[in-house]
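The shown structure was predicted, so the numbers you read here are calculated from the model rather than taken from an experiment. Chain naming here is simple, since letters A, B, ... match the order of the sequence lines and numbering starts at 1 in each.
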Amino acid sequence: MAEPARRVTVTHPRTRAARPGRPNAAVRDVHEQTPLGEVYVEALMRTQLRLALLVCGAVCLPLACLPLLLLGHLGAPPGIRLWGVGLPWLVLGLPVYVLLVTAGLCYLRRAERHERDFVEHVHRS
Amino acid sequence: MSTAENLTAVLLVVVLTVAVGGYGLRSRSTPDFYVASRTVSPLRNAAAVSGEYLSAASYLGIAGLLVAYGSTMLWYGIGYTAGYLVLLVLVAAPLRRSGAYTVSDFAEARLGSQAVRRTATAFVVLIGWLYQVPQLQAAGLALHAALGAPAWSGAVLVTAVVLVSVIAGGMRSVTLVQAVQFWLKLAALAVPAIVLLLVWHGAWHPSGSPPAAPAPAARTTADQGGGQALYGVYSLMVATFLGAMGLPHVIARFYTNPDGRAARRTTVGVLGLLGVFYLLPEIYGGLGRLYTPGLAAADRADAVVLLLPGRLVPGPTGQLLTALVVAGAFAAFLSTCSGLALSVAAVLSQDLLGGDVRGFRRASALAVLAPCAIALLLSESGVSVAHEVGLIFSVAASTFCPLLVLGIWWRRLTPSGAVAGMLVGGGLSVSALMLTLLGAGGPGWAGILLAEPAAWSVPAAFLTMVGVSLATPGTVPAGTSRMLARLHMPESLDAGTAGRSAVADDRSSRTPVRPSRDGRH
C-alpha cells in the first residue's frame with residue numbers, strides 16, 4: 001500500500017515542492033510592495049512612460065509643424081493644388097490618419113513586449 | 001425633398017435602437033447595468049466606443065465647419081482621432097486596471113479622498129450634460145432640415161428614445177446598440193459619399209447633365225488673421241488631443257474590457273475605425289464648398305451633410321441617399337446621448353441615490369431630462385455644433401486629463417492638488433465656454449482666446465495640480481505605491497489568481513475598488 005503512494009509523490013508535485021514558493025517570491029515582492037517589488041514596478045513604469053512620451057512626440061511634432069506649413073508661415077504659398085484639390089485637403093486627410101494608426105500599432109507591440117519582458121523577468125528572478 | 005422617406009428612415013433607426021436595446025433586457029444584475037459585466041470583446045468594444053464617440057459634431061458639424069471656414073477645420077477630425085492615440089499611450093491600460101466604474105471611482109481609488117471624488121463627480125455631470133446639449137440641438141436641426149418639423153421635436157424625440165433604452169437595459173444593451181450604430185453611421189455616410197464623388201468626377205450623371213460646379217467660395221471669415229488662426233489651430237489640438245480621455249462616456253467604456261491588454265487593443269481598433277470615418281466629413285465638406293457655398297452665408301452650414309445628396313443627385317436616388325444620411329444622423333444623436341446619459345446616471349446613482357438598479361433608473365431620468373431642458377432653453381445659441389463640442393473637449397482636457405495623467409504616472413499627486421487643479425482648469429474653461437455661448441468676446445484676440453481656451457486652461461490646470469501637490473507633500477495617500485503597482489502591472493503576472501480582476505472587482509457597492517480600502521488601513 002505504501003509503495004504506490006510514494007511513487008505518486010515522486011512525480012511532478014514533488015519537483016515543485018522541492019523549491020517551496022521560490023518561483024513566486026518575486027511575484028509576491030511585487031504584489032506586497034516590498035522595497036524590491038517597488039523597484040520592479042518603478043522600472044516598468046519608467047519604461048512604459050518613456051515609450052508613451054516617445055510615441056506622443058513622434059506624432060505631435062510633425063502634426064504641430066503642419067499648421068505652420070499649410071497656413072503659409074514657412075514660405076510655402078497656400079494655393080498649391082494637386083488633382084484639382086487644395087494641398088491642405090490632401091495632407092490633412094489620409095496621410096495623417098495613416099500616421100496615427102501606425103503609431104498606435106507600434107505602441108501596442110512595444111508596450112505588450114515590455115509587459116511580457118517584465119513578467120518573465122519577475123518570474124525568473 | 002421628400003418627407004415620407006426621411007420620416008421612415010428616422011423611425012427605422014428609432015425602432016432599431018429600441019429593439020436592439022430590448023435584446024439587452026436580459027441584463028439584470030447591477031454590474032450588468034454599469035459595465036456589461038466586462039464581457040465585451042475588443043472588436044465589438046472598439047465599434048461601440050467609436051459608435052458612441054461619433055456624435056453630431058463629427059457627423060454633421062465638421063462638414064459644416066469645412067463649408068464655412070475651409071480646410072483649417074480638418075483639424076477637428078484629426079484631433080478627435082489623435083485624442084485616442086494619446087489616450088492609448090497614456091491611460092488606456094492603467095485606467096482599465098484601476099477596476100473602477102467611473103472617473104469618480106478612479107479618483108477615489110487613487111487618492112482615497114471623498115473631496116476628490118465629489119469634485120470629479122461634479123465635472124462628470126457637468127460635461128455629460130453640456131455634451132448632450134449640442135446633440136439635441138443638432139437633432140432639432142436635422143428634423144427641421146429633413147422633415148420640416150419644429151426644432152424642439154428633435155430634442156424631445158431623442159430624449160425619449162434614450163430614456164427608454166438606457167432605463168430598460170443599461171450598459172449591456174447600450175454596448176450592442178452602439179456597435180450596431182457605428183456601422184450604420186459609417187455606411188450611411190460612406191455610400192452617399194461614394195455616389196457624390198462619382199458625380200463630382202463626372203463619371204456618373206444622374207439626370208443627364210451634372211450640376212454646374214461653381215468656383216470655390218471665398219473664405220467667409222475675413223478676420224482669421226495669421227497669428228489668430230494659428231493660435232486657434234494649436235489650441236484646438238491641445239483640447240482635442242487631451243480632451244478625449246476626459247469624456248465620461250469614453251472612460252466608462254474602458255471598464256467593459258476584460259483586462260488592460262484588451263483595453264489597449266480596443267483603443268487601437270478605435271483609432272482605425274475613426275481614421276476611416278473621419279475621411280468622410282472631408283468629402284462632404286469639400287464638395288459642399290463647391291456646390292452649396294450659400295449655406296455658410298445662410299448660417300445653415302451644419303445641414304450640409306443632409307442637403308448635399310439631394311442637391312447633387314436629383315430624383316428618387318437622391319431622396320434615398322438623403323434618407324440614408326438622415327438615418328445615420330439620428331444614429332449619431334442617439335448613440336452619443338445614450339452613452340453620456342449612462343455615464344452621468346452611473347455617477348449620480350452611486351453618489352446620490354445608492355448604487356442599486358432602482359437608483360440607477362431614477363438617476364438616468366435625471367441624466368437625460370436635464371440636458372433636454374437646457375437644449376430647449378438655449379435653442380438658438382448661434383455657435384456651430386462642432387465648435388460647441390470642441391469647447392466641451394477643452395473642459396474635459398482641463399479637468400480629467402491632468403487628474404488621469406498625473407494620477408497614473410506621478411507618485412506625488414495629493415488629494416488637495418487634484419481638487420485644486422480640477423477646480424482651476426474647470427473653472428477657467430467653463431467660464432470661457434459660457435462667455436462664448438453667450439456671445440461675449442468678439443472678433444479680436446479676446447474672442448479667439450475665449451473661443452479656444454484649451455491652450456491656456458490646460459497648462460493652468462496641470463501647473464496648479466503639480467504645484468499644490470508639491471506644496472502638500474505630507475498628504476500623499478498611504479496606498480499610492482500599491483495602487484500604482486496595480487495600475488501598471490500586467491494581469492498575466494498573477495497567474496494563480498487569474499480572473500481576479502474580471503470577477504472579484506465586479507461588486508457594486510459605494511466603494512467598488514479594493515485598494516482604496518487597503519490604502520486607508
### Sequence-distant partners of B:Arg265, salt bridge (charged side-chain N to carboxylate O under 4.0 Å, His left out), two or more places apart
A:Glu112
Work out which heavy atom in [X] is nearest to a heavy atom in [Y]; give both atom names and the distance.
| X | Y | result |
| --- | --- | --- |
| A:Leu66 | B:Trp75 | CB-CZ2, 3.7 Å |
| A:Ala52 | B:Leu90 | CB-CD2, 4.0 Å |
| B:Leu279 | A:Gly93 | CD2-C, 3.8 Å |

### Task
Indicate yes or no: does B:Arg261 engage A:Glu115 in a salt bridge with an N to O separation below 4.0 Å.
no
### Query
So which of A:Leu100, A:Leu53, A:Leu94 has the largest heavy-atom pair count under 4.5 angstrom toward chain B?
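Most heavy-atom pairs within the cutoff with chain B belong to A:Leu100.
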### Query
Using non-hydrogen atoms and a limit below 4.5 Å, what part of residues 235-244 of chain B faces chain A?
B:Met237, B:Phe241
Nearest-0.5 Å distance that lies between atom [atom1] in [X] and atom [atom2] in [Y]:
| X | Y | atom1 | atom2 | result |
| --- | --- | --- | --- | --- |
| B:Arg411 | A:Met45 | CZ | CE | 5.5 Å |
| B:Thr81 | A:Tyr97 | OG1 | OH | 4.5 Å |
| B:Met489 | A:Phe118 | CE | CZ | 6.0 Å |
| B:Leu271 | A:Leu105 | CG | CG | 8.0 Å |
| B:Thr72 | A:Leu92 | OG1 | CG | 8.5 Å |

### Query
Does a side-chain heavy-atom distance below 4.5 Å link B:Arg289 with A:Trp89?
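Result yes, sub-4.5 Å side-chain heavy-atom pair found.
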### Query
For chain A, which of B:Val89, B:Thr267, B:Leu66 has the most heavy-atom pairs under 4.5 Å?
B:Val89
Could you look at [X] and say if it's the side chain, the backbone, both or neither that has a heavy atom under 4.5 Å from chain B?
| X | answer |
| --- | --- |
| A:Val59 | side chain |
| A:Leu99 | neither |
| A:Leu44 | side chain |
| A:Val96 | side chain |

### Under 4.5 Å from any heavy atom of chain A - which part of B:Leu85
side chain
### Query
Checking B:Leu487 against chain A: side chain, backbone, both or neither under 4.5 Å from a heavy atom?
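Neither part; nothing is under 4.5 Å.
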#### Entry: N/O donor-acceptor pair under 3.5 Å between B:Tyr234 side chain and A:Ala64 backbone
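The answer is yes, because a donor-acceptor pair under 3.5 Å joins these two groups.
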